[in-house]
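A quick write-up on the structure given underneath.
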Amino acid sequence: MQQKYNPHVIEREAQQHWERAGAFRATEAPGKPKYYCLSMFPYPSGKLHMGHVRNYTIGDVLTRYHRMKGCNVLQPMGWDAFGLPAENAAMANGVPPAKWTYDNIAYMKKQLQSLGLAIDWSRELATCRPDYYRWNQWLFLRMLGKGLVYKKTGVVNWDPVDQTVLANEQVIDGRGWRTGATVQKREIPMYYMAITRYADDLLAALDSLPGWPQRVKTMQANWIGKSFGVRFAFPYELPAGSNLPSPQPPSHALLPEGEGNLEPPLSIPSSPPFSQEEKGGSSLLSPPGREVGSEGWRGGGEGSRGAGGEGGAPEAQTPEKGLLWVFTTRADTIMGVTFCAVAAEHPLAAQAAKGDAKLAAFVEECKRGPVMEADLATIEKKGMPTGLSVTHPLTGKAVPVWVGNYVLMGYGEGAVMGVPAHDERDFHFAKKYGLPIEHVIDARTAGADAFTTDHWQSWYEGKDGICVNSGKYDGLGYHEAVDAIAADLKAKGLGDKQVLWRLRDWGISRQRCWGTPIPLIHCGGCGDVPVPDRDLPVVLPEDCVPDGTGNPLAKRADFVNCTCPRCGKPAKRETDTMDTFVDSSWYYLRYACPDNGTAMVDERVAYWLPVDQYIGGIEHAILHLLYSRFWTKAMRDLGLVKLDEPFTHLLTQGMVLNDIYFRKAESGRITYYNPVEIEAKADGSAVLTSDGKPVEAGGIGTMSKSKNNGVDPQELIDHYGADIARFFMMFTSPPEDTLVWSDAGVEGAARYLRRLWSFAWEFGKTGTAPSSPRPGTALPKELAGVRREVHGVLKQANYDIGRNQFNTVASAAMKILNALERTPGDGPLRRAVLHEGLSILLRLLSPITPHISHTLWRELKFGEDVLAADWPEPDAAALIEDEIELVVQVNGKKRGDVRVPRDADSKAIENIVLADPAVQRHVSGQPIKKIVVVPGRLVNVVV
RNA sequence: GCCGGGAUGGCGGAAUUGGUAGACGCACGGGACUCAAAAUCCCGCGCCCCCAAAGGCGUGCGAGUUCGACUCUCGCUCCCGGCACCA
């Protein structure tokens, strides 16, 4: 054993030992509890960043802890390898995305291995490999067969200069990131997964996940957004000769149930095959409502749910009459309706715009608006009257119809009723455009101010007022009013109660070259034809280099041209690829059977799944985690797995943040600079070190490639070693907290492990024979005190590790070493106490700092391998004390403390406390009202 | 804008879930060792008053409940994450 702690030497040796022993190779071992511990796999962006180190250290701590607690553990690792950054890098460097990605994987794998993680690398997978993504394609076709995949148009960001679709991230202040051109909305055909069919299941099953953080479950529940309300219609008549266009299908439309087997259909109803040029052209599509056909989105008895109602089915109704459908959760305010507002894409808006150039211009302006919901929600609320009016279904009064830029076509019916007196947004809209405001809920019963028409604050939006100015509904509360109104609407055939979901179906089509090819072939005669299973996988060419204009796959004749599997005639392959969330929605299943070349999953999935502990960033609280839950349920219903939920326990790691610095060019293009390149000035400004010119501070944010504010942990690992980096990472903050990166304090971690090494070296110098104190051995007072402290700290540490609070586990390890170092005297009893203390300490530390624990455990002859050791448990006998200390308060303020016998009763304690001089001074003769005794803690004298 | 979360010394954080606020560290100050420095070790360290003792104030801001509030309730401010094509 060396006298000096040399992390690099011992870490290399420990890692070689684990490698030789195959220490982390996991095999199915019935009879032992299994523990599948999974950290979210990384995107191979180039280098590890601190968020990765945090994530994988947390996962490793849990993995190693549960192994020592007796579990058969599996901790796998892989690569979320498809995605946009590879295409961006390809454009910048002229290197194919595949090469860039594989190089990054090789480098980052080395980095991960240098951390000493207990990973079973034999199960490594990368989603960009055909043997992985073929199962994306295979399952896509199974879902198509079940009707869980369907086609409809969707809105994308269009860069008119580069003639290409942009990701939301590539749109900056409404402009394309490369061209600076104003981004346009464009509708293109896309494939959707019907996640809304699982809305009820996804919501209800949240209750079956006690191992998930409440905040994540709340976010998911709100995202799914089940709202109970009333769907009803305003009848209207248009001038003769009017002809309403078809509406967009609503995004929550349902498909009929499929065949119920695992076979995809021979073809799906579709528009004729489309080439990329046609997608970019102006005569893009026939109206989508018709092309999906009768089995399509309008399916069956729910056909009238489409926005615009009968307007979408002209053959069944004279075109002049129609119903304007809306959904509301506040049917109790229906008598206060003074206008209706429809989305720009609504058929009534289109109808009204025909004869009104100004309105047509406004509708066009709305359609050009932002795509992202966050932008939509913050734009100025604008509207314009259509000149049309509809009839109030209960009062028969005429209600004007407006076009509103805040009404979303994709949610509900694409139209809303306007009740300015009891909805804040409607109120501002009415004030702005001079629409009447009719007060119909009296809020005074609920303690709110009286109604006025001047200030929103004195109005009432709550559900606990009663109806006024509402005719026969006067005096009813919320629930009675909704019931009565829904019943009356139903009697007239103009509405009923209904559930509305906020959740929308999942559009998976991407116009990009670095993703899973969608396994469909477009045939002029047969339509969209699924690729037969025998032809899977549809292999992605790995030598494509995008140039920023359109999808390079579409430019490759060798990829696009094929023959129709049905009729054998020449056909075109689909060139869209799948959303990368598809890849990450099931990878946790594949780790159980990564080598199976003939099936997506096998019986080993039944052994390992569900994942017992999933660990990843809180930023994935909704999308990734919801898609994975959906995918699991879909596979369950296809008979492929017997799982309701994929992840039993979830730990959502807090984000690692860092400063953001950038410069904005005149074109609007933003360049980000890494904080290491920045010099902060005394006046608070910042300059780029290389040119001395100012940069703008963009606050702090998540470490990311796109903001260029990541910190490479390699320097830290190279300088200090993995154990110190891991210890510091765990010590500096609790796992779930947001962490603003700073390496201040890493020296403390380094000092601690050096101190531990020196202590162990001194201890080992004087002999190595095991000599923990025998049970029942009487120890001198000081030694008993040290032992009590060690076991007391261990007790708390075990509580903390059980609740994933690893920072206090690390500080517990520090406290134990402090106590051992302070242990007075010498002789065999002292040595026995130190021996026991060290054995506890090395085991407690081993999940956090596995290398030093491994080495010292062997060197001091505690055993062959600390991995095989039992987890330490405190000795209850060591914790017993004869006297305990109680805090003494007078009127809730601390005035001292007293020592009392462990078994003193309240009366005895009161007497001791009242005799205390500090208490007498503060009581100073005033009458004592009462004395509160909290056993084992404190005594409060109230005067 | 909507949904979720956060705020405690100069800094990271702790407080056994209503019971001693500041554990454990970092930084800083003083001392020991040293020719000197580094490393290491010892002491101090919320703010005010102050030789000290005693005391007063103190957990983002403003109210409230309680013998007692970092913890519970109501109302704010600021920051972080998500908002469906970043992953």
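Just so it is clear: chains get the letters A, B, ... in the order the sequence lines come, proteins before strands, and each one is counted from 1.
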Once you apply a heavy-atom cut-off of 4.0 Å, does [X] come out as touching a base, just sugar-phosphate, or nothing?
X      : value
A:I700 : sugar-phosphate
A:M190 : base
A:P42  : nothing
A:S509 : base
A:Y406 : nothing
A:G701 : sugar-phosphate
A:V746 : nothing
A:Y752 : nothing
A:L657 : sugar-phosphate
A:A374 : base
A:E821 : nothing
A:R895 : sugar-phosphate

With a cut-off of less than 4.0 Å, is there a side-chain N or O of [X] near OP1 or OP2 of [N]?
X      : N      : answer
A:R751 : B:rA27 : yes
A:T808 : B:rA14 : no
A:H624 : B:rA84 : no
A:S584 : B:rA87 : no
A:N818 : B:rG25 : yes

Does some side-chain heavy atom of [Y] sit less than 4.5 Å from a side-chain heavy atom of [X]?
X      : Y      : value
A:Y192 : A:I508 : no
A:R899 : A:I884 : no
A:M814 : A:F727 : yes
A:N104 : A:W79  : no
A:V939 : A:V887 : no
A:L844 : A:L794 : yes
A:V156 : A:K185 : no
A:D723 : A:L845 : no

[X] bridged to [Y] by N-O distance under 4.0 Å:
X      : Y      : answer
A:D576 : A:R510 : no
A:E373 : A:R502 : yes
A:E747 : A:R754 : yes
A:K432 : A:E380 : yes

What do you reckon, are the aromatic ring centroids of [X] and [Y] less than 6.0 Å apart?
X      : Y      : value
A:Y133 : A:F82  : yes
A:F731 : A:Y752 : no
A:Y627 : A:W506 : yes

Can you figure out which of [options] approaches the side chain of [X] most closely?
X      : options                : result
A:M814 : B:rC26, B:rG25, B:rG19 : B:rG25
A:A744 : B:rC26, B:rC83, B:rG13 : B:rC26
A:P734 : B:rC26, B:rG1, B:rG13  : B:rG13
A:E747 : B:rC86, B:rG81, B:rA27 : B:rA27
A:K894 : B:rU20, B:rC83, B:rG55 : B:rU20
A:N168 : B:rA27, B:rC86, B:rG1  : B:rC86
A:V887 : B:rU20, B:rC80, B:rC24 : B:rU20

Quiz item: Between A:M655 and A:S733, who's closer to the 5' end of RNA chain B by nearest nucleotide?
Solution: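 Its nearest nucleotide lies further toward 5', so the answer is A:S733.
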Self-check item: For RNA chain B, the residues among residues 80-91 of chain A that have a non-hydrogen atom under 4.0 Å from it
Solution: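 Residues of residues 80-91 of chain A under 4.0 Å from RNA chain B: A:D80, A:G83, A:L84.
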Quiz item: Taking both distances under 3.5 Å as the test for a Watson-Crick or G-U pair, what stems of at least three pairs does RNA chain B have?
Solution: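 The stems are B:1-7 with B:77-83, B:10-12 with B:24-26, B:28-32 with B:40-44, B:46-48 with B:55-57, B:60-64 with B:72-76.
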What is the distance, rounded to the nearest whole Å, between atom [atom1] of [X] and atom [atom2] of [N]?
X      : N      : atom1 : atom2 : result
A:Y411 : B:rA84 : OH    : C1'   : 14 Å
A:W741 : B:rG13 : CH2   : P     : 12 Å
A:M50  : B:rG12 : CE    : C1'   : 15 Å
A:D800 : B:rA15 : CG    : P     : 7 Å
A:R754 : B:rA39 : CZ    : C1'   : 8 Å
A:H428 : B:rG1  : NE2   : P     : 11 Å
A:L845 : B:rC24 : CG    : C1'   : 13 Å
A:I724 : B:rC26 : CD1   : C1'   : 15 Å

Quiz prompt | Whole-angstrom distance between B:rC67 and B:rA14, as gauged at atom P | solution = 30 Å
Quiz item: Does any N or O in the side chain of A:R54 come within less than 3.5 Å of the main-chain N or O of A:M729, such that one atom is a donor and the other an acceptor?
Solution: no
Quiz prompt | Check: A:S628 side chain, A:L625 main-chain N or O, donor-acceptor pair, under 3.5 Å | solution =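 Not a single qualifying donor-acceptor pair exists.
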Exercise. Assign the ring pair A:Y132 / A:W586 to parallel, tilted or perpendicular, where the plane angle (0 to 90°) is split at 30° and 60°.
Key: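 Rings of A:Y132 and A:W586: parallel, as their planes differ by under 30°.
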Exercise. May I ask you to check whether A:Q796 and A:D800 show a side-chain donor-acceptor distance below 3.5 Å?
Key: yes
Self-check item: Contacts of A:N818 that satisfy side chain to side chain donor-acceptor pair (under 3.5 Å) - sequence neighbours left out
Solution: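 Per chain and number, A:N818 pairs via side chain to side chain donor-acceptor pair (under 3.5 Å) with A:R755.
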Self-check item: Syn/anti state for B:rG31 [syn: chi within 90° of 0]
Solution: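 This nucleotide is in anti.
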Could you go over nucleotides 45-49 of chain B and give all protein N or O partners under 3.5 Å, atom names and distances?
none

Expected rows: protein N/O vs nucleotides 2-4 of chain B N/O, under 3.5 Å:
{"unit_1": "B:rC3", "atom_1": "O3'", "unit_2": "A:N222", "atom_2": "ND2", "d": "2.7"}
{"unit_1": "B:rC3", "atom_1": "O2'", "unit_2": "A:N222", "atom_2": "ND2", "d": "3.0"}

Practice problem: Look at the side chain of A:R937 against the base of B:rU16 and say whether a donor-acceptor pair falls under 3.5 Å; ignore hydrogens and angles. | Solution: yes
What N/O pairs connect the protein and nucleotides 60-71 of chain B at under 3.5 Å? Give each pair on its own line.
{"unit_1": "B:rC67", "atom_1": "O2", "unit_2": "A:N940", "atom_2": "ND2", "d": "2.4"}

